[in-house]
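First the structure, in the form of structure tokens, and then the observations on it.
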Amino acid sequence: FSRSFPSAELACVEPVPSNLECLRTNLERNGVHSQIFDAAADVADGQAWIELAREDYGHKIASAFSGGNLERIQVMAISLPTLMRKLSWERVGLLKMDIEGHEAKLLTENNEWLHFVDAICVECHEEMSESVLFHVAKQFDFLPPRNLRGIWFLTRVGPLASSGVAESQGPFGRVGL
């Protein structure tokens, strides 16, 4: 992505320590500058419990009702408005979201920040139905969502016009999550 849009500002949010290490290594090896937030993206700032999967993927925010015998860790939680403030971003050109089943909550609760996002690329998990995306698209004036082989894409008409991003930066001025 950074090779295609070298002027884009990138931010990554990752709560799992082993994934953070891998993220930092990958960014460094590829010469990609990104601001990294050691936290979980959530609807409010504070703390969250992460349920660690047995594999090195599939970790997710644990609900108050999730039981089982998976290990849990407590992490910082950061809301999208706080993230944007910390970055001094007025808009997000592209929000890439793969948060293991927490997508629906993030997109439907305390979601006024979506007015300041031009495009969303989201991997939907079993906890999220397509109807959520269609509702979000209608509520926040996105075009109808498109399914691109398991990844959903929401965009606005003319994201450059609404974002104020200069043509020389490419269509995605600021990218997060």
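- Between V122 and I151, every side-chain heavy-atom pair lies at or beyond the 4.5 Å cut-off.
- Using a 4.5 Å heavy-atom threshold, the side chains of L114 and Q139 count as separate.
- Atom CG in L95 sits 6.0 Å away from atom CG in L80 (nearest 0.5 Å).
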Original post:
Would L154 and L143 count as a side-chain contact (heavy atoms from CB on, under 4.5 Å) if you check the C-alpha gap in whole Å, the side-chain angles of each, and the deciding distance to 0.1 Å?
Top reply: CA-CA 6 Å; L154 288 82; L143 294 172; over 6 Å; no
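- With values rounded to the nearest 0.5 angstrom, Q74 atom CD is found 4.5 Å from Q47 atom CD.
- Atom SG of residue C12 and atom CG of residue L27 lie 5.5 Å apart, to the nearest 0.5 angstrom.
- Legend: residues meeting side chain to side chain donor-acceptor pair (under 3.5 Å) with T25, ordered by chain and number and at least two apart, are absent.
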Subject >> Stepwise side-chain contact (heavy atoms from CB on, under 4.5 Å) test for D38 and M76 >> reply: CA-CA 7 Å; D38 182 356; M76 295 295 300; over 6 Å; no
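- One distance of note links CZ of F134 with CH2 of W152; it measures 5.0 Å at 0.5 Å rounding.
- Taking the side chain to side chain donor-acceptor pair (under 3.5 Å) definition, one finds that T82 meets it with D45, S79, R85, sequence neighbours left out.
- In this structure, F142 and I120 approach most closely via the heavy-atom pair CZ-CD1, 3.9 Å.
- Residues L107 and L133 have side chains in contact (heavy-atom distance under 4.5 Å, counting atoms from C-beta outward).
- With sequence neighbours excluded, the residues satisfying side chain to side chain contact (heavy atoms under 4.5 Å, CB included) with I73 are P17, I50, L52, E71, V75.
- Annotation for K96 and D98: closest pair NZ-CB, 3.5 Å, computed over non-hydrogen atoms.
- Across all their heavy atoms, E90 and F116 have their closest contact at O-CB, 3.5 Å.
- Legend: residues meeting side chain to side chain contact (heavy atoms under 4.5 Å, CB included) with F37, ordered by chain and number and at least two apart, are A11, V13, Q35, I78, L83, K86, L87.
- Here the straight-line distance linking atom CE of M97 with atom NE2 of H102 works out to 10.0 Å at 0.5 Å rounding.
- With sequence neighbours left out, N110 forms a side chain to side chain contact (heavy atoms under 4.5 Å, CB included) with V43.
- For the atom pair NE2 (H135) and CD (E130), the distance works out to 15.5 Å, reported to the nearest 0.5 Å.
- With sequence neighbours left out, the ring pair (Phe, Tyr, Trp, His ring centres under 6.0 Å) criterion links F140 to H115.
- In the hydrophobic cluster analysis, where Ile, Leu, Val, Met, Phe, Trp and Tyr join through side-chain heavy atoms closer than 4.5 angstrom, F153 is grouped together with F1.
- Annotation for W89 and L10: closest pair CH2-C, 4.3 Å, computed over non-hydrogen atoms.
- Between the R156 side chain and the V117 main chain, a donor and an acceptor come within less than 3.5 Å of each other.
- Between R91 and D118 there is a salt bridge, since a side-chain N of the basic residue sits under 4.0 Å from a carboxylate O of the acidic one.
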**OP:** Using the side-chain contact (heavy atoms from CB on, under 4.5 Å) rule, take T108 and V132 through it: C-alpha gap first, then chi angles, then the decisive distance, then the call.
**Re:** CA-CA 8 Å; T108 60; V132 170; 3.7 Å; yes
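- Legend: residues meeting ring pair (Phe, Tyr, Trp, His ring centres under 6.0 Å) with H33, ordered by chain and number and at least two apart, are absent.
- With sequence neighbours excluded, no residue forms a side chain to side chain contact (heavy atoms under 4.5 Å, CB included) with E21.
- When all heavy atoms are compared, the tightest approach of E123 to E103 is O-OE2, 3.0 Å.
- Side chains of V32 and R3 form no contact here, defined as non-hydrogen atoms less than 4.5 Å apart.
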